[in-house]
Number of protein chains: 2
Amino acid sequence: VLKVNNLNKSYITGNITIQALEDINLEIRKGELVAIVGPSGSGKTTLINCLGALDFPDAGQVIYNVNNNGEGHDITEMKNQEQKNMRLKKIGLIFQFYNLFPVLTAYENVELPALIAKIKPKSRKNKVEELLKLVGLGERIEHYPTQLSGGEQQRVTIARSLVNDPLILLADEPTGELDTETTLQIMKIFLQLKDNGHSILMVTHNDRIAQAADRILTLTDGKIIAERKAGKH
Amino acid sequence: VLKVNNLNKSYITGNITIQALEDINLEIRKGELVAIVGPSGSGKTTLINCLGALDFPDAGQVIYNVNNNGEGHDITEMKNQEQKNMRLKKIGLIFQFYNLFPVLTAYENVELPALIAKIKPKSRKNKVEELLKLVGLGERIEHYPTQLSGGEQQRVTIARSLVNDPLILLADEPTGELDTETTLQIMKIFLQLKDNGHSILMVTHNDRIAQAADRILTLTDGKIIAERKAGKH
Ligand SMILES: Nc1ncnc2c1ncn2[C@@H]1O[C@H](COP(=O)(O)OP(=O)(O)OP(=O)(O)O)[C@@H](O)[C@H]1O
Ligand SMILES: Nc1ncnc2c1ncn2[C@@H]1O[C@H](COP(=O)(O)OP(=O)(O)OP(=O)(O)O)[C@@H](O)[C@H]1O
Ligand SMILES: [Mg+2]
Ligand SMILES: [Mg+2]
């Protein structure tokens with residue numbers, strides 16, 4: 001589903017160069033849940049941004065839909081419109097911050113990607129309501145983000161990332177604002193997606209969540225320094 | 001240091017009324033570290049906002065500096081300028097989101113409350129540099145928030161909340177973006193503050209952090225439903 005080759009990314013601020021990612025190689029298979037862990041500043045958000053074509057690596061390839069011959073669509077080679085199309089229909093995104101439009105209600109925020117993808121009104125409505133109910137926010141659909149708690153905003157974001165049934169979900173700290181119980185509810189949703197053949201790449205600081213993944217990649221100072229199979233859940 | 005009597009707060013959205021806080025009573029003593037835990041949407045942020053005079057309760061009192069006769073300064077009765085003064089010099093604040101000014105560097109963000117409090121330039125510089133070093137960001141002082149990772153932004157926020165040596169720190173999820181190791185470093189800082197006679201009221205989803213507190217208050221549906229003494233650390 002996703003293959004990353006020799007990804008490198010640095011930021012230059014004044015005369016300081018920060019090597020945010022160095023020689024990253026990884027692959028995600030269909031139906032796999034992979035956790036990325038690592039200290040603050042280790043490059044996790046930078047990695048997610050490069051994989052979602054929101055930031056551009058200095059070098060390397062990010063290939064989606066890899067077939068048996070090792071060929072697929074390298075997102076770093078796509079035009080802007082093609083990348084947007086990938087993000088709209090194939091990749092679900094959950095950012096670490098600033099996910100929701102403050103001027104749209106919870107319902108409208110979740111609906112927006114489906115609207116852009118030209119999903120018919122009736123199917124859109126059913127999907128949006130089903131997802132908001134799934135994350136426990138059926139009673140809050142008319143609220144604006146400023147009228148929602150931190151965890152409620154995060155749950156609206158999770159619902160929105162799933163509205164177009166993406167083949168892979170890239171999630172940066174999807175449960176960072178949630179209490180233990182709500183986190184477990186969200187993990188159930190993710191495991192269900194996985195059983196339905198979707199893939200998930202998830203950054204997390206929560207060791208318990210990382211344990212629910214099939215594999216855990218540890219990032220430190222921009223490099224993957226370890227990979228281990230997690231215990232069964 | 002802080003006494004809260006019968007605090008009530010509701011939000012009215014259209015024709016829905018949400019009782020975010022109901023009959024909250026609590027007190028914090030000098031040198032005490034109190035954790036507030038509870039599910040998403042239970043009222044934790046609303047409580048912190050009322051205690052910091054950033055939101056106004058429908059009823060109840062929020063009294064600081066309570067003396068032996070039970071008298072002190074009720075922040076709900078203060079004029080705007082007095083409240084601002086309290087927040088500048090007596091109360092340190094860490095919000096769940098949007099803490100930093102994007103147009104100021106890490107250094108300038110931490111310095112701002114000291115600048116407003118008219119601290120002399122030399123003492124300001126020493127304090128700001130000392131605090132940024134304490135949170136592990138000595139190398140990032142010229143960076144803007146958009147050039148910092150989520151956890152780095154959170155650490156700048158923690159440094160800023162301490163710059164005017166507040167008698168009480170109100171922190172809403174201060175380590176929500178941090179990995180385990182960085183979280184432990186921050187908790188060491190908080191325990192040090194506590195030993196120096198400062199008080200801390202901290203919202204957290206992290207049970208391990210809650211265990212480091214002197215007391216844990218559990219909030220559910222706007223009410224404090226439990227209070228327990230935490231284990232020793
Ligand atoms: N401005 C607002 N208008 C309407 N309702 C609000 C507003 N702010 C908060 N609420 C509601 O009040 C309740 C408490 O919100 P609060 O932000 O205090 O929860 P919280 O405990 O901090 O949750 P979380 O752990 O998710 O951050 C929630 O149900 C929320 O939807
Ligand atoms: N736009 C930018 N300009 C300059 N440096 C940046 C920029 N964005 C990130 N960095 C730096 O790159 C490094 C990696 O940042 P990144 O946001 O990927 O870390 P992270 O692993 O997500 O951290 P956290 O767990 O704190 O969210 C950090 O040292 C950060 O300061
Ligand atoms: Mg990050
Ligand atoms: Mg909150």
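In what follows, every chain begins at residue 1, and chains take the letters A, B, ... in the order their sequences are listed. Since the model is a prediction, treat every value here as computed from it, not as a measurement.
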Winner by heavy-atom pair count (cut-off under 4.5 Å) against chain B, out of [options]:
options                                : answer
A:Glu142, A:Glu177, A:Glu152           : A:Glu177
A:Arg155, A:Gln153, A:Gln154, A:Glu173 : A:Arg155
A:Gly150, A:Gly136, A:Gly43            : A:Gly150

Inset, instruction - Using modelled atom types only, decide if a donor and an acceptor are shared between the side chain of A:Asp179 and the backbone of B:His205 within a distance under 3.5 Å. - result: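 Such a contact is absent between A:Asp179 side chain and B:His205 backbone.
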Legend entry - 4.5 Å side-chain heavy-atom contact, A:Ile16 and B:Gln147: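 No, too far: nothing below the 4.5 Å cut-off.
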Legend entry - 4.5 Å side-chain heavy-atom contact, A:Glu139 and B:Ile18: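 Contact flag for A:Glu139/B:Ile18 side chains = no.
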Is [X] in contact with chain A via its backbone, its side chain, both, or neither, using a 4.5 Å heavy-atom distance?
X        : answer
B:Ser40  : both
B:Tyr98  : side chain
B:Thr182 : side chain
B:Tyr11  : neither

When you look at [atom1] of [X], are more than 12 heavy atoms from neighbouring residues, nucleotides or ligands closer to it than 6.0 Å?
X        : atom1 : answer
A:Glu227 : CD    : yes
B:Asp221 : CG    : no
A:Phe97  : CZ    : yes
A:Glu130 : CD    : yes

Inset, instruction - Let me know if A:Asp172 has heavy atoms under 4.5 Å from chain B in its side chain, its backbone, both or neither. - result: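 For A:Asp172, neither part sits under 4.5 Å from chain B.
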Inset, instruction - Select, from B:Asn206, B:Thr46, B:Leu178, the one with the greatest count of heavy-atom pairs under 4.5 Å involving chain A. - result: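 When all of B:Asn206, B:Thr46, B:Leu178 are compared, B:Leu178 has the most.
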